[in-house]
Amino acid sequence: MATYRQSWQQWQDDPEGFWAKAAESLVWSKPWEQVLDKSRPPFYRWFAGAETNTCYNCVDRHVDEGRGEQAALIYDSPVTGTIRTYTFSELQSEVARFAGVLVGLNVTKGDRVVIYMPMIPETAIAMLACARIGAIHSVVFGGFAAEELAKRINDAAPKIILSASHGIEPGRVVEYKPLLDNAITLAHSKPERCVIFQRENSTASLIAGRDLDWQQAVHNAEPASCVPVAATDPLYILYTSGTTGVPKGVVRDNGGHMVALKWSMENIYGARPGEVYWAASDVGWVVGHSYIVYAPLLNGNTTVMFEGKPVGTPDAGVFWRIIEQHRVATFFTAPTAFRVIKKVDPTGEWLKKYDTGSLRALFLAGERADPDTIQWAEKQLQVPVIDHWWQTETGWPQAANPLGLGLLPIKYGSATMPVPGFDIKVLDETARPLPAGETGALAIRLPLPPGCLQTLWQDDKRFIDSYLSEFPGYYATADAGFIDEDGYVHVMSRLDDVMNVAGHRLSTGGMEEVISNHQAIAECAVLGVKSAIKGQVPVGLAVLKTGADISEAQLEKEVVAMIRHDIGPLASFKHLRIVERLPKTRSGKVLRGTMRKIADGETYPIPATIDDPAILEEIAAVLATVDVD
Ligand code: COA
Ligand code: AMP
């Protein structure tokens, strides 16, 4: 087994040879002509000329190689009281049948399929079925409202939309069908058909001529085989928040994606085929795409799909119950989940009821892992707790403590070392690399390794403008941080107007766009303010129009409802305050960064360009009245 240093060196000495070797562990129907096609920079393409099929490598391959009877997917749903296991053979049969449904609806290679579904096995089956026939899926997280879904439908222009009657949140049922119908009414791009999975006790009504009943469609379908696709063909589009309300459609390929994920399972997560791997996230996010669906299956692991929450479904012992019951070896979630458990059960009483001895390591990502949370988790679980850093765009970790290559000493507050393939630098505003210990913009030298975004869906220009223009020759991560004298990467904060709420990435600009539609509001700003549980939560500040007559409590109530309606409950927007004016630069730019520092109780320099410094005291007094936890 190579060590981290050896692996890093091998990659540095011969990057293409390194990834070509990694690619040998996958099945290709046609070999590549070039490991890396560099003919059209900055549009680098991995494994050009090769053909493969991601679904074949995730499912059929394991059946062909004798793993058919091994559990591929365990659905554990405390909210419905269900536990169901699919072997690789069963998964193959379900996926092939559902691919047959899509083929029957004339879905072919390159067609888009939007998936707006809860955490049920059918969601993973639908994703794999798309991959099987070369259709491009775009999964939309269930906590998004109709307006957000409509934006994604307009951009992806799907031929088909797949959905379910409802999702289940603690204490309430989320009816998806009315949200879907509303989104389709709002969208200018209309799908030809919708296929709706009716969950138990469902009351979703189907629109004749457009909607099909999932179960009936499967019953009538013939299984479809895997279709070879180019390694460089898109596998999926996943929308993520940028600085405005217009989401960015991250495009992932087939070949590079498989190679990167498979390599990561062995070398970063140290996961061995046959073991149980559990990522407690949602398939609507990148963690769910990569580490609930694709990577564990590619590696021949059993993946767990969990429909529940860390506490309250039914209690703070649910994670430990699942680890014990399914013999989970590798566990991955967001730090916020552990903060919630720690709040409810600080002394780990629930943990004492279960045997979590199967667990080898806990991986945390999605937001900065605070040392307190890591140390608490280490003390409770008695396994290494590994913070690692990644983004929707990269699709897999760019900095990690690579368990499979031998654990490096843990430094609390650091995501450890750059992963082979990611040449991470800290740059100043002039794109000059900064010395060890100095904070700047974290950027990755091009070309990015396999698995990272190819472009933004049908928007090469925005891809270049958003990520590649600021620092020529680099991908700008939009995160700030530093690399210390030992080479450890410390990720400190976002550089743009994106906040991280309970591990969910949200745009403050998108919220401001919604709030400014309120008839009493002249202008507003949304700040991502520190929260002990969710990491950050949004707080809105609004300046009223002259003559507007509305109380702060009433305005807050109305704006909270607007955000819930237009963006969705996951925005966690609960606080709005009225202010006389917003601090601005002399050129009129709102000083959000300074206000955020005030809210977080940090020291802040008075910006030299500020129009009127006295406003900052007014803002501080208002923000002092907000209690986010
Ligand atoms: N469909 C509909 N609504 C949803 C939803 C979904 N799929 N997911 C969340 N929501 C709703 C919640 O019910 C909540 O609504 P409320 O305001 O009426 O209570 C709101 O969106 C905010 O959700 P969330 O931020 O998740 O808060 P929460 O209190 O429900 O749960 C955590 C907090 C920390 C327990 C939860 O976010 C969690 O488990 N996070 C860790 C795992 C994870 O998902 N990480 C993502 C990236 S790795
Ligand atoms: P997303 O694209 O939703 O996965 O969010 C990516 C963003 O989450 C990154 O740009 C970071 O700001 C933040 N993030 C993810 N993992 C970490 C981590 N380990 N440490 C600090 N920030 C992180």
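Whatever order the structure lists ligands and atoms in, that order sets their numbers, starting from 1. Scope of the values below: all heavy atoms of this structure, side chains included, with no hydrogens, waters or symmetry mates.
- Electrostatic pairing of Lys342 and Glu349 does not count as a salt bridge here, judged by no charged N lying under 4.0 Å from a carboxylate O.
- From Thr347, atom OG1 reaches atom CG of Asp345 across 5.5 Å, with rounding to the nearest 0.5 Å.
- Looking at Asp76 and Arg84, no side-chain N of the basic residue comes within less than 4.0 Å of a carboxylate O on the acidic one, giving no salt bridge.
- With a 4.0 Å heavy-atom cut-off, ligand 1 is reached by no atom of Pro170.
- Under 4.0 Å from any atom of ligand 2, one finds heavy atoms of residues Val286, Gly366, Glu367, Arg368, Asp387, His388, Trp389, Trp390, Gln391, Thr392, Asp479, Val491, Arg494, Asn500, Arg505.
- Electrostatic pairing of Asp486 and Lys411 counts as a salt bridge here, judged by a charged N lying under 4.0 Å from a carboxylate O.
- Phe141 CZ, 3.4 Å is the protein heavy atom nearest to atom 8 (N) of ligand 1.
- When hydrogens are left out, the protein atom nearest atom 9 (C) of ligand 1 is Glu169 OE1, 3.5 Å; that is the closest non-hydrogen contact.
- For atom 37 (O) of ligand 1, the closest non-hydrogen atom of the protein is Ala502 CB, 3.6 Å.
- Listed by atom number, the atoms of ligand 1 under 4.0 Å from Lys574 heavy atoms are 17 (O).
- Protein heavy atom closest to atom 20 (C) of ligand 1, with residue, atom name and distance, is Pro569 O, 3.2 Å.
- The backbone N or O of Lys151 sits nowhere less than 3.5 Å from a side-chain atom of Asp155 that would complete a donor-acceptor pair.
- The distance from ligand 1 to the heavy atoms of Ser572 drops below 4.0 Å at these ligand atoms: 22 (C), 25 (O).
- The one candidate from Val529, Leu527, Thr508 that meets the side chain to side chain contact (heavy atoms under 4.5 Å, CB included) condition with Met499 is Thr508.
- The shortest contact between atom 47 (C) of ligand 1 and any protein heavy atom is with Gly503 O, 3.5 Å.
- If you look at Arg339 next to ligand 1, there are no close heavy atoms at all, none under 4.0 Å.
- Regarding atom 34 (C) of ligand 1, its nearest protein heavy-atom neighbour is Thr336 OG1, 3.5 Å.
- When the options Gly366, Ser281, Gly535, Gly308 are ranked by their closest heavy atom to atom 48 (S) of ligand 1, first place goes to Ser281.
- Here Arg505 has no heavy atoms under 4.0 Å from ligand 1, in either its backbone or its side chain.
- Evaluated for a side chain to side chain contact (heavy atoms under 4.5 Å, CB included) with Phe319, the options Tyr354, Trp278, Trp350 yield exactly one hit, Trp278.
- Within the 4.0 Å heavy-atom criterion, neither part of Met119 lies near ligand 1.
- Residues Val195 and Trp214 approach most closely at CG1-CA, 3.6 Å, considering heavy atoms.
- Salt bridge Arg152/Glu148: present, at least one basic N to carboxylate O contact under 4.0 Å.
- Atoms of ligand 1 lying under 4.0 Å from at least one heavy atom of Pro310, given by number and element, are 35 (C), 39 (O).
- Interface atoms of ligand 1 facing Ala280, defined by a heavy-atom separation under 4.0 Å, are 42 (C).
- A ring pair (Phe, Tyr, Trp, His ring centres under 6.0 Å) with Trp390 is found for one member of Trp285, Phe422, Tyr291 and no other, namely Tyr291.
- Contact annotation: for Arg564 versus ligand 1, heavy atoms closer than 4.0 Å belong to the side chain alone.
- Within ligand 1, the atoms closer than 4.0 Å to a non-hydrogen atom of Leu570 are 20 (C), 21 (O), 22 (C), numbered from 1 in the order shown.
- Residues Asp181 and Lys177 are paired through a salt bridge, judged by an N-O separation under 4.0 Å between the basic side chain and the carboxylate.
- From the protein, the heavy atom lying nearest to atom 27 (O) of ligand 1 is Lys534 NZ, 3.0 Å.
- Against a heavy-atom cut-off of under 4.0 Å, Val174 is close to the following atoms of ligand 1: 2 (C).
- For atom 11 (C) of ligand 1, the closest heavy atom belonging to the protein is Arg172 NH2, 3.5 Å.
- By the salt bridge (Lys or Arg N to Asp or Glu O under 4.0 Å) test, Glu367 is found to be paired with Arg339, residues two or more places apart in sequence or in another chain being considered.
- Within the 4.5 Å cutoff, the side chain of Leu162 has no heavy atoms near those of the Cys194 side chain.
- For the residue pair Asp370 and Thr373, a side-chain donor N or O sits within less than 3.5 Å of a side-chain acceptor on the partner.
- Taking only nitrogen or oxygen atoms, main chain and side chain alike, Lys309 reaches within less than 3.5 Å of ligand 1.
- Residues Glu602 and Lys530 are paired through a salt bridge, judged by an N-O separation under 4.0 Å between the basic side chain and the carboxylate.
- Taking CZ from Arg360 and CG from Leu381, the interatomic distance works out to 14.5 Å, rounded to the nearest 0.5 Å.
- The ligand atoms of ligand 1 that sit less than 4.0 angstrom from a heavy atom of Val340 are 34 (C).
- The residues Glu556 and Arg577 are annotated as salt-bridged, a charged nitrogen and a carboxylate oxygen being separated by less than 4.0 angstrom.
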